[in-house]
Amino acid sequence: MTPRARARWAAVVALGAAALLPSLAAHWARARAARVLAARDATAAAGYLATVTPAARGGGGYDLPQLLIRARALEGLPGLAVGFEVYDRTAPLVHATAPPLPPAALERLRREVAMRWTGEAMLAPLLDRDGWDVVGAVAAQPPGGGWPVSPWSLAALLLLLVAGAHAVRAMGGTGEPWRQVLGRYGAAAGLFGVALFADVRLAGRGATDRWLSDARLLMQEAMASVPDIRSAPAGLAAIARGTEVVPAESLGSGVVRRDIAGVVRAVAAVRLAPGRWVELRARPVEAGTGPWLALLLATAALGPVGALLAGWSLTAAPRQRRETVAAWAFLAPSALHLVAFTAGPLLLALYVSVHRVSPVAPARPFIGLAGFAQAVGSPLVWAALGRTLLYACYVPVSMGLALALALLVRGRSWGARVARALFLVPAVSSVVAVAVVWRWLYHPDVGVINRLLGYPVDWLGDPAVALIALMIVSVWTQLGYQMAVFHAGLESIPRAYLDAARVDGANAWQRFRRLTLPLLRPVILFVLVTGVLGACQVFALVAVLTGGGPLGSTDVVVYRIYRTAWEQLQFGDASVLSLLLFALLLLASKAQVKLLDRRVEYA
């Protein structure tokens with residue numbers, strides 16, 4: 001088989017995977033929504049039977065003739081979304097010819113008192129009137145039937161197959177170039193994933209609507225059988241487990257979605273009596289379908305990605321293919337680490353920033369861009385940003401000192417090497433340890449700094465000088481690192497340039513200004529950008545030395561984010577501040593690169 005034929009077959013396999021895997025995943029998600037509906041309806045039916053069926057004389061369960069009547073009436077109740085089988089112990093009541101409930105299944109229900117899936121139906125325990133013992137079970141079969149995919153998903157699947165066939169044909173050397181076809185192939189794959197996600201979401205929405213409708217129907221039947229329960233609607237709560245039952249007004253016969261305290265809830269109204277209504281509120285099933293979008297898009301993208309790799313294998317040379325595969329093999333662990341600990345937290349921050357998230361509140365209402373508008377309009381945020389920018393002004397100072405030191409200790413003598421090592425020690429030391437030492441040095445009574453000055457200064461307690469004290473510590477810690485970077489940049493400048501300038505009569509200052517400084521431009525850019533980024537993210541020094549004080553004079557942006565998250569327990573607002581800081585740092589870095597970045601070539 002030729003390489004072109006192998007590449008085409010690989011693209012065909014990828015196309016089949018892109019068509020089959022998302023379809024199977026969507027089918028599984030729809031089946032899962034049907035099982036959720038069956039589980040909730042089984043629980044509602046068990047609560048209904050416990051409410052309307054009288055207990056047997058002498059206890060020990062329900063009156064068997066009444067339970068038989070109620071069970072068969074439940075099966076014939078029009079409008080229910082699922083089919084039921086009711087068991088008294090292990091004996092079926094609705095269908096006399098149905099197989100009995102296995103004794104092991106009944107014993108497991110008695111031990112766990114929880115829902116379980118039998119492979120064909122969802123089994124819910126039937127408790128006695130007092131709710132103490134499991135006396136039977138209610139089995140609900142998930143609704144079936146219907147097409148495996150919706151019409152729009154089928155249309156998207158056809159588009160995917162057509163686009164994939166064009167891509168495979170283009171790889172054969174006929175028709176359009178495969179790179180041009182690949183764009184349409186990717187668009188078709190994305191459309192297919194979105195269409196399947198719409199199926200999944202609609203399945204979840206339908207399961208929620210039918211469950212609430214069934215619960216409402218069972219509650220109305222219970223009130224018709226036991227009229228006294230109208231005056232105590234709390235007795236109906238067993239039928240609508242998983243919902244919040246609250247007094248309300250009429251909403252009509254349908255199930256609606258309503259924003260309640262910033263949280264979307266599915267709501268259905270139940271009429272108790274003329275002028276008396278209650279609402280059933282529940283979290284809709286479709287609210288938890290968000291991760292399915294990423295899964296369906298990822299599996300649908302297998303086709304375009306496979307075609308891309310197959311086409312690349314044809315255009316790349318064998319040596320290039322081997323080197324690329326080897327490079328990605330070495331990069332895979334780092335790439336996975338980057339995705340898990342960088343891309344993942346970033347996506348989580350994006351999600352949290354548009355919700356009101358707090359560990360003390362279970363609800364996570366969607367607020368959109370309201371958090372960003374609040375942060376932009378907050379004077380505390382702007383004040384923290386101003387203090388951060390003022391603090392970052394130490395970077396040019398430390399850069400100037402570091403460059404001067406790099407020039408002084410540029411030699412290769414033993415003394416120059418020892419000096420460079422000593423200056424580098426603060427940069428590699430623990431930030432917390434450095435902060436503790438400087439807190440002792442800044443002590444107003446016994447600190448070394450005040451003894452050298454000859455008069456007392458409350459460096460960390462005076463709002464006028466606290467930020468300056470932090471800047472001094474930062475200069476001391478960053479000086480050695482920046483000096484090492486500048487020293488490496490100076491060593492990379494060819495000696496021939498300096499010798500030629502010296503022959504031409506340039507003095508030391510002219511050589512530095514006209515030759516050394518321009519050739520150090522990339523190094524200066526690197527030190528400046530990394531220094532500003534680090535200064536804008538300062539936290540440990542502030543937390544150990546000042547705690548944001550005194551009077552908020554050192555409350556910088558990152559410390560404000562920390563306090564918002566862990567003192568005020570507002571994770572959404574803290575994520576908003578983090579994203580705003582990220583945007584500002586990105587813009588600042590781009591501006592610095594645009595102003596200072598120029599290509600420098602060494603002979």
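Both backbone and side-chain heavy atoms feed into the values below; hydrogens, waters and symmetry mates do not.
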Is atom CD of E567 surrounded by more than 12 heavy atoms (other residues, nucleotides or ligands) closer than 6.0 Å?
yes

Work out which heavy atom in A222 is nearest to a heavy atom in Y48; give both atom names and the distance.
N-CE1, 3.7 Å

Which residues satisfy the ring-ring contact (aromatic ring centres under 6.0 Å, His included) test with W117, sequence neighbours excluded?
none

Would you indicate whether the side-chain heavy atoms of V381 and V376 approach each other to under 4.5 Å?
no

Which pair of heavy atoms, one from L80 and one from L74, lies closest together, and at what distance?
CD1-O, 3.5 Å

Is a donor on one side and an acceptor on the other found under 3.5 Å between the side chain of E244 and the backbone of L280?
no

Determine which pairs satisfy side chain to side chain donor-acceptor pair (under 3.5 Å) with at least one residue from residues 205-217, sequence neighbours left out, and list them in order.
D209-R257

Ignoring hydrogens and angles, tell me if any N or O in the side chain of S353 forms a donor-acceptor pair with the backbone of L350 under 3.5 Å.
yes

Report yes or no: does Q220 contribute a side-chain atom to a donor-acceptor pair with the main-chain N or O of V270 at less than 3.5 Å?
no

Any chance you could measure Y185, atom OH, to L159, atom CG, to the nearest 0.5 Å?
12.5 Å

Residues P22 and A300: closest non-hydrogen pair is CG-N, 3.6 Å

If you measure from CG on L101 to CD on E107, what distance do you get to the nearest 0.5 Å?
10.0 Å

From I561 CD1 over to Q570 CD, what is the distance, rounded to the nearest 0.5 angstrom?
14.5 Å

From Y62 atom OH to D88 atom CG, the distance as rounded to the nearest 0.5 Å
10.5 Å

Would you say the side chains of D573 and T564 form a donor-acceptor pair under 3.5 Å?
no

Are side-chain heavy atoms of Y87 and P100 found at a separation under 4.5 Å?
no

Quick one: pull up OG in S378 and CG in L577 and give me the separation to the nearest 0.5 Å.
8.0 Å

Could you report the tightest heavy-atom contact between T289 and F197, atom names first, then the distance?
O-CE1, 3.0 Å

Check for a donor-acceptor pair, side chain of S358 on one end and backbone N or O of L569 on the other, with a separation under 3.5 Å.
yes

Is L160 close to L191 at the side-chain level, that is, under 4.5 Å between some pair of heavy atoms?
no

Distance in Å, L15 CG paired with L20 CG, rounded so as to fall on 0.5 Å steps
11.0 Å

Side-chain donor/acceptor of E85 to backbone N/O of P92, under 3.5 Å:
no

Any side-chain heavy atom of V285 within less than 4.5 Å of one from R40?
yes

V113 side chain reached by L127 side chain, heavy atoms, under 4.5 Å
yes

So, the side chain of R8 versus the backbone of R169: is there a donor-acceptor pair under 3.5 Å, distance only?
no

Should the heavy atoms of other residues, nucleotides or ligands under 6.0 Å from OH of Y562 be counted, would the total exceed 12?
no

Within 6.0 angstrom of R32 CZ, more than 12 heavy atoms from elsewhere
no

Which heavy atom in W152 sits nearest to a heavy atom in A195, and how many Å separate them?
NE1-O, 3.6 Å

Consider side-chain contact (heavy atoms from CB on, under 4.5 Å). Of L123, T43, L109, which one does M115 pass it with?
T43

Assess whether a salt bridge exists between E279 and R258, defined as any Lys/Arg side-chain N lying under 4.0 Å from an Asp/Glu carboxylate O.
yes

Quick check: are there more than 12 heavy atoms from other residues, nucleotides or ligands sitting under 6.0 Å from CZ of F539?
yes

Considering non-hydrogen atoms only, spot the tightest contact between L296 and L196 and give its length.
CD1-C, 3.7 Å

Would a distance-only check, ignoring hydrogens and angles, find a side-chain to backbone donor-acceptor pair under 3.5 Å from R110 to V134?
yes

Report yes if the side chains of Q141 and V82 come closer than 4.5 Å at any heavy-atom pair, otherwise no.
no

